[in-house]
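When reading the values below, keep in mind they use all heavy atoms of this one structure, side chains included, and skip hydrogens, waters and symmetry mates. Lettering of chains follows the sequences in order, A, B, ..., and the numbering in each one begins at 1.
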Amino acid sequence: MPRRSAFLSVFDRLLSAHGPQHWWPGETPFEVMVGAVLTQNTAWSNVERAIVALKENAALDPECLLAAAPATVARWIRPAGYFNVKAKRLRNFCRWYLKQGGYDVLARRETGALRHGLLSVNGIGPETADDILLYAFERPVFVIDAYTRRLFSRLGMCEADAGYEPLRAAVEQALARELTRSRGAGRAVWKRNSVPLYNEYHALIVAHAKRSCRARPLCQDCCLAGICPGRQ
DNA sequence: ACCCAGGGTCATA
DNA sequence: TATGACCATGGG
């Protein structure tokens, strides 16, 4: 079992090692949503090219994406890989998004219902849905990805094969306990702090993975911080 | 020439 | 329910 402030401690060490990340890299909520789909199992540098292409074609917009032929969208997003699959997924998402009434309507929905709706779209799985919930709708949802599971399991804070939902619930509950105790004020403070904490935490885990020991065998930041995940 | 990347779906047993 | 195949580009 992790010690009582394990998750906050790791957060503090990641923050001092890598600095604030200011995520998500995207100018509008809709750009965040598109990026969340495009980055599925794909390096962000490739996603950026695809988003630039969408902007150049004035297509970073749900109506435009739906109006364009799937093959055309696939051509625009080609650098992001899996372009046929992702063109279809973007289409599914835009259809749902507009049918629901767009951002302002969705933003009024309760988090659980919004999450359920996102997951009903073919091509939106738990991580993509949670990226959208946290970074486009600012909901208190801790995003789990392969890096997160790897880091926490190597630190002995979860099982290596922990399922998505159990791990998410465990991390959220642990952080809630740690934060309400260590910063001492109870539920109101927790609710105010959880979104920026989750935002920065996930961003830091990704930044940490990108700067891992493959690139720098003796990298000072993560190894000195005692949280270097290394490589498989 | 490898391996990996900010997943998810579908078919099979 | 639990694996495996599949999707595809670009950088190290």
Side-chain angles (χ1 to χ4, degrees), chain A residues 10-11 14 18 20-26 29 31-54 70-96 115-137 139 141-154 159-168 171 198-219 222 227 229-232:
Chain A
V10 168
F11 174 79
L14 286 170
H18 303 296
Q21 301 299 308
H22 307 297
W23 263 29
W24 180 289
E31 182 175 339
V32 171
M33 301 182 215
V34 169
V37 171
L38 292 181
T39 199
Q40 290 171 354
N41 202 37
T42 299
W44 182 255
S45 57
N46 289 358
V47 176
E48 282 184 318
R49 304 161 189 269
I51 290 186
V52 165
L54 290 175
T72 304
V73 175
R75 196 169 65 241
W76 288 333
I77 67 174
R78 186 174 78 79
Y82 305 133
F83 45 79
N84 289 314
V85 170
K86 286 174 179 174
K88 193 170 300 178
R89 290 178 181 178
L90 284 178
R91 191 169 195 79
N92 295 338
F93 174 71
C94 290
R95 206 162 32 223
W96 172 84
R115 189 169 200 270
H116 187 77
L118 286 165
L119 291 174
S120 75
V121 178
N122 187 300
I124 306 265
E127 185 187 338
T128 307
D130 288 347
D131 280 336
I132 292 172
L133 286 168
L134 178 60
Y135 292 104
F137 288 98
R139 303 307 175 90
V141 172
F142 194 96
V143 177
I144 304 296
D145 64 357
Y147 295 148
T148 307
R149 187 176 288 100
R150 188 178 69 189
L151 179 63
F152 286 157
S153 73
R154 285 190 173 151
E159 299 301 315
D161 60 351
Y164 190 99
E165 288 303 328
L167 183 51
R168 183 171 72 92
V171 173
Y198 292 170
N199 178 319
E200 195 61 30
Y201 209 144
H202 182 242
L204 282 166
I205 289 172
V206 174
H208 181 66
K210 284 182 178 171
R211 303 175 60 179
S212 71
C213 288
R214 181 177 61 168
R216 300 196 288 173
L218 292 175
C219 82
C222 55
I227 49 178
R231 282 283 167 179
Q232 279 292 3

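Applying the side-chain hydrogen bond (donor to acceptor under 3.5 Å, both in side chains) rule to A:Arg95 yields the partners A:Asn92; only residues at least two apart in sequence or on another chain are considered. Contacts of A:Phe137 classified as ring-ring contact (aromatic ring centres under 6.0 Å, His included), with partners at least two apart in sequence or in another chain: A:Tyr103. Residues satisfying the salt bridge (charged side-chain N to carboxylate O under 4.0 Å, His left out) test with A:Glu31, not counting sequence neighbours, are A:Lys55. A:Pro25 is linked by a side-chain contact (heavy atoms from CB on, under 4.5 Å) to A:Trp23, A:Trp44, counting only residues two or more places apart in sequence or in another chain. Legend: residues meeting side-chain hydrogen bond (donor to acceptor under 3.5 Å, both in side chains) with A:Thr39, ordered by chain and number and at least two apart, are absent. Partners of A:Asp130 according to the salt bridge (charged side-chain N to carboxylate O under 4.0 Å, His left out) rule, which considers only residues two or more places apart in sequence or in another chain, are A:Arg115, A:Arg168. Scored by the side-chain hydrogen bond (donor to acceptor under 3.5 Å, both in side chains) test, A:Asp145 finds A:Thr148, A:His202 as partners (sequence neighbours excluded). With sequence neighbours excluded, no residue forms a ring-ring contact (aromatic ring centres under 6.0 Å, His included) with A:Tyr82.
OP1 or OP2 of C:dG11 lies within a sub-4.0 Å distance of a side-chain N or O belonging to A:Arg49.
Rounding to whole angstrom units, CZ of residue A:Arg150 and P of B:dC4 are separated by 10 Å. At whole-Å resolution of the value, CG in A:Leu38 and C1' in C:dG10 are 15 Å apart. The distance from atom NZ of A:Lys86 to atom C1' of C:dC7 is 9 Å, rounded to the nearest whole Å. In this structure, A:Ile77 atom CD1 and C:dC7 atom C1' are separated by 12 Å, rounded to whole Å.
Between A:Leu134 and A:Val141, the closest heavy-atom pair is CD2-O, 3.6 Å.
In this model, a donor atom of one side chain and an acceptor atom of the other lie less than 3.5 Å apart for A:Thr128 and A:Gln40.
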Sequence-aligned protein contact record of nucleotides 6-13 of chain B, with B where the base is within under 4.0 Å of a protein heavy atom and S where only the sugar-phosphate is: BBBSS---
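Annotation: C:dA2 and B:dG6 have their C1' atoms spaced 25 Å apart (nearest Å).
For residues 73-87 of chain A, no pair satisfies salt bridge (charged side-chain N to carboxylate O under 4.0 Å, His left out), with sequence neighbours left out.
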Using atom names, set out every protein N or O paired with an N or O of nucleotides 1-3 of chain C below 3.5 Å, distance rounded to 0.1 Å.
none

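Base pairing in DNA chain B gives the following stems of 3 or more Watson-Crick or G-U pairs, range against range and under 3.5 Å: B:2-5 with C:9-12, B:7-13 with C:1-7.
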